[in-house]
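Atoms considered below: every heavy atom in the structure, side chains included; atoms not considered: hydrogens, waters and symmetry mates. The first residue in the sequence is number 1, and the count goes up from there.
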Amino acid sequence: MTDIWIMIVIAVGLAMDCFAVSLGIGASPSPCTPRSIFRLSFHFGLFQGGMTLLGWLLGSTVVNLIAGMDHWIAMALLAWVGGRMVLEGVSRRDEAAEIECNDPTRGGSLVMLSVATSIDALGVGLSFAVLKLNVLAASLLIGLVSLLLSIIGLLGGNRLGHRFGKNMEVLGGLVLIGIGLRIVIMHLMA
């Protein structure tokens, strides 16, 4: 029974970055359609669960190789996508430009965001071997919790975006950059 609670706490902790990033993306003027909600939440859940499983499979070799720079990789990816959102929010002059905005739930941006939010899950997967937890169940739980919190974040951000307009895209981009900085600061202080 204790293992379940440990897995739930870890799953929620890992999914908080997914929630925050989804909140920022939901606030952007990109259309929040059922398809885009599915794409982002599915990828975030898949990457979170998959990276946990991958970390467990790879063991300490690969995780130790990137442990010194994983926080910098996550920050760079989040800063790049967040910077693009800020620039689009600031440079947008009229409604026609708003329609042509880049959709962060597609292509390279989606993959970068998925990787950036799931890098910590790689290290968590390694710790599951030490904790002797059921890694398959934990990976599935982490993926599911990430998926659900991503949907909640997108829908909540979308409501804020409709209410406050293009300023929310700038704020969403700044949130992504802030998450990247938080990741670096937390790793440097640890």
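- If you chain together hydrophobic residues whose side chains sit under 4.5 Å apart, Ile25 and Val111 fall into the same group.
- By the side chain to side chain contact (heavy atoms under 4.5 Å, CB included) test, Leu155 is found to be paired with Ile37, Ile151, residues two or more places apart in sequence or in another chain being considered.
- When every heavy atom of Leu154 is checked against every heavy atom of Ser36, the shortest pair comes out as CD1-O, 4.4 Å.
- Not counting sequence neighbours, the partners of Arg39 by the salt bridge (Lys or Arg N to Asp or Glu O under 4.0 Å) test are Asp103.
- Tracing side-chain contacts under 4.5 Å through hydrophobic residues (I, L, V, M, F, W, Y), one never reaches Met186 starting from Ile119; they form parts of separate clusters.
- Applying the side-chain hydrogen bond (donor to acceptor under 3.5 Å, both in side chains) test to residues at least two apart or on different chains, the pairs with a partner in residues 141-160 are Asn158-His162.
- Legend: residues meeting side chain to side chain contact (heavy atoms under 4.5 Å, CB included) with Val184, ordered by chain and number and at least two apart, are His71, Trp72, Met75, Leu188.
- For the atom pair CG of Leu149 and CG of Leu23, the computed distance is 11.5 Å after rounding to the nearest 0.5 Å.
- At least one donor-acceptor pair closer than 3.5 Å links the side chain of Gln48 to the backbone N or O of Thr117.
- Under the rule for a side chain to side chain donor-acceptor pair (under 3.5 Å), the partners of Ser109 that lie at least two apart in sequence or sit in another chain are Arg84.
- Not a single donor-acceptor pair under 3.5 Å links the side chain of Ser118 to the backbone N or O of Ala121.
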Distance-only criterion, 3.5 Å: show the donor-acceptor pairs between side-chain atoms of residues 170-180 and protein atoms not counting sequence neighbours.
none

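- One hydrophobic cluster, built from ILVMFWY side chains closer than 4.5 Å, holds both Leu40 and Met112.
- Using a 4.5 Å cut-off between side-chain heavy atoms of Ile, Leu, Val, Met, Phe, Trp and Tyr, with links allowed through other members, Leu144 and Phe47 fall into the same hydrophobic cluster.
- For the atom pair CG of Leu141 and CD1 of Ile4, the computed distance is 7.5 Å after rounding to the nearest 0.5 Å.
- Residue pairs satisfying the salt bridge (Lys or Arg N to Asp or Glu O under 4.0 Å) criterion with at least one member in residues 112-126, sequence neighbours excluded, are absent.
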Residues 6-18, side-chain donor-acceptor partners within the protein, below 3.5 Å, at least two apart:
unit_1: Asp17; atom_1: OD1; unit_2: Arg182; atom_2: NH2; d: 2.5

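- Cluster annotation: Trp5 and Leu136 are assigned to distinct hydrophobic clusters (Ile/Leu/Val/Met/Phe/Trp/Tyr, side-chain heavy-atom contacts under 4.5 Å, transitive).
- Annotation: side chain to side chain contact (heavy atoms under 4.5 Å, CB included) contacts of Leu53 (sequence neighbours excluded): Trp56, Leu57, Val135, Ser139.
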Steps toward side-chain contact (heavy atoms from CB on, under 4.5 Å) verdict (Leu113, Phe44) | CA-CA 8 Å; Leu113 288 170; Phe44 278 9; 3.9 Å; yes
